[in-house]
S.K.: 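Structure in structure tokens, see below.
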Amino acid sequence: MTEIGTEFESEAALTIVKATAREPHHAPIFNYASMAHNNAFFFENLANLNSESEQGKGSAEENDGEERIPPWLKNEFEQQFSSVETLRREFLATATAMFGPGFVWLVRNAQTNDMRILATYLAGTPYTAGHWRRQGLDMNTQGVRSQDTVRGFVERIQTGAGADTGSQFVPQSQLAPGGTDVIPLLCLNTWEHVWLRDYGIGAGGVGGKRQFVQDWWRCVDWNKVESLAMIQRPDFKTK
């Protein structure tokens with residue numbers, strides 16, 4: 001993605017997202033860059049079910065694709081969500097409940113390796129550096145004169161505009177207000193233009209966003225999800 005004649009001309013979409021998150025006059029650039037990155041992430045997580053490597057695993061209509069989840073990743077899902085089916089239902093419930101367009105993400109906490117489902121609306125981003133565009137403090141419960149409020153904000157702005165706080169193991173003082181350092185693993189696009197033409201509004205319980213999400217789940221490339229997870233649990237010494 002390029003912005004001709006600007007400092008962003010040769011930068012990647014995610015780099016632009018992080019660089020423009022704090023500047024109000026850069027909001028349009030942030031939105032386009034974030035949408036470009038989110039959509040690319042969404043498509044890159046889709047498997048080519050017609051490829052030779054996917055042949056013989058059953059059609060998308062016959063199963064939910066669970067047999068294509070690598071054993072290690074499946075074990076992680078079972079530990080953190082109790083079962084793959086629970087994770088699938090949580091994704092489906094989150095996506096169908098969203099009032100408005102956006103994205104549903106499976107992310108892991110960079111510090112704890114815990115996985116969670118995260119929803120972002122419109123062109124929102126899960127990356128910590130992008131959280132400067134939202135206010136993470138509830139001023140109804142924390143007044144502007146609160147020392148904790150002021151101290152926390154001042155410590156976090158030391159990072160500077162556009163700093164790369166989207167990587168793992170970022171010091172807490174460098175997080176945007178309300179930010180948690182997460183690593184995206186899987187992305188679902190719930191914007192209406194993605195599913196409405198093919199699936200309709202779901203009148204009478206037929207089609208709609210719910211059916212789209214169910215079909216999407218069957219097409220996830222779990223090998224790519226596993227490669228992004230890269231969760232390393234320490235081996236306990238027995239000697």
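Quick caveat, the model's predicted, so the values are computed rather than measured.
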S.K.: Start with the C-alpha gap between Leu185 and Arg108, add the side-chain angles, then the distance that decides, and say whether side-chain contact (heavy atoms from CB on, under 4.5 Å) holds.
M.R.: CA-CA 7 Å; Leu185 308 178; Arg108 76 172 179 87; 4.2 Å; yes
S.K.: So, does Lys224 use its side chain to make a donor-acceptor pair with the main chain of Glu44 at under 3.5 Å?
M.R.: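 Flag set: sc Lys224 to bb Glu44 pair under 3.5 Å.
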S.K.: Is a side-chain N or O of Arg88 found less than 3.5 angstrom from the main chain of Ser83, in a donor-acceptor match?
M.R.: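 A pair under 3.5 Å: no.
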S.K.: Going by heavy atoms in the side chains, are Trp216 and Leu46 under 4.5 Å from each other?
M.R.: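 In short, these two side chains touch, coming nearer than 4.5 Å.
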S.K.: Any idea which heavy atoms bring Ile183 and Leu228 closest together, and the distance?
M.R.: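 Between these two residues, the closest heavy atoms are CG2-O, 4.3 Å.
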S.K.: Once you round to the nearest 0.5 Å, how far does CZ of Phe42 lie from SG of Cys187?
M.R.: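 Reported to 0.5 Å precision, the distance equals 7.5 Å.
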S.K.: Of the non-hydrogen atoms in Leu73 and Glu226, which two are nearest, and what is the gap between them?
M.R.: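 Where Leu73 meets Glu226 most closely, the heavy atoms are N-OE2, 3.7 Å.
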S.K.: Do Val17 and Phe30 come close enough that some side-chain heavy atom pair is under 4.5 Å?
M.R.: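 SC-SC contact between Val17 and Phe30 confirmed.
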S.K.: Ignoring hydrogens, what is the shortest heavy-atom contact between Ala229 and Met115? Give both atom names and the distance.
M.R.: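 Heavy atoms of Ala229 and Met115 come nearest at CB-CE, 4.5 Å.
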S.K.: Would you compute the distance between atom NE2 of His37 and atom CE of Met35 and round it to the nearest 0.5 angstrom?
M.R.: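 It is 12.0 Å, given to the nearest 0.5 Å.
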S.K.: What's the separation between atom CG in Asn38 and atom CG in Leu188, rounded to the nearest 0.5 Å?
M.R.: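 Nearest 0.5 Å value for the CG-CG distance: 11.5 Å.
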S.K.: Are any non-hydrogen side-chain atoms of Val104 and Val213 less than 4.5 angstrom apart?
M.R.: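 Result no, sub-4.5 Å side-chain heavy-atom pair not found.
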S.K.: Can you confirm whether Phe91 sits close enough to Phe81 that some side-chain heavy atom of one is under 4.5 Å from a side-chain heavy atom of the other?
M.R.: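 Phe91 vs Phe81: side chains apart.
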S.K.: Of Val220, Asp221, Val225, which meets side-chain contact (heavy atoms from CB on, under 4.5 Å) against Asn223?
M.R.: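 Per the side-chain contact (heavy atoms from CB on, under 4.5 Å) rule, the option paired with Asn223 is Asp221, out of Val220, Asp221, Val225.
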S.K.: What side-chain donor-acceptor pairs closer than 3.5 Å can you find for residues 192-207, not counting sequence neighbours?
M.R.:
unit_1 : atom_1 : unit_2 : atom_2 : d
Trp195 : NE1    : Thr190 : O      : 3.2
Trp195 : NE1    : Trp191 : O      : 3.3
Tyr199 : OH     : Asp215 : OD2    : 2.8

S.K.: For Thr20 versus His26, what's the shortest heavy-atom pair and its separation?
M.R.: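 Closest approach of Thr20 to His26, heavy atoms only: CB-CB, 3.6 Å.
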S.K.: Within a strict 4.5 Å, meaning less than it, do heavy atoms of the Asp181 and Gln111 side chains meet?
M.R.: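 They are in side-chain contact.
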S.K.: Can you see which heavy atom on Glu90 is nearest to which on Ile117, and at what distance?
M.R.: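 Where Glu90 meets Ile117 most closely, the heavy atoms are CB-CD1, 3.4 Å.
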S.K.: Could you check if a side-chain atom of Trp222 sits within less than 4.5 angstrom of a side-chain atom of Glu66, using non-hydrogen atoms only?
M.R.: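 No, their side chains stay 4.5 Å or more apart.
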S.K.: Please report the closest heavy-atom contact between Gly124 and Ser34, naming both atoms and the distance.
M.R.: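 Shortest heavy-atom separation between Gly124 and Ser34 comes out as O-OG, 3.8 Å.
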S.K.: Counting C-beta onward and ignoring hydrogens, is there a side-chain heavy-atom pair between Phe41 and Phe103 closer than 4.5 Å?
M.R.: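 Answer no - side chains too far apart.
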S.K.: Just verifying a value: how many Å separate Asn113 CG and Gln79 CD, rounded to the nearest 0.5 Å?
M.R.: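 Result: 11.0 Å between the selected atoms.
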S.K.: Given side chains that start at C-beta, do those of Asn39 and Asn189 come closer than 4.5 Å, heavy atoms only?
M.R.: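 With C-beta onward as the side chain, the pair touches.
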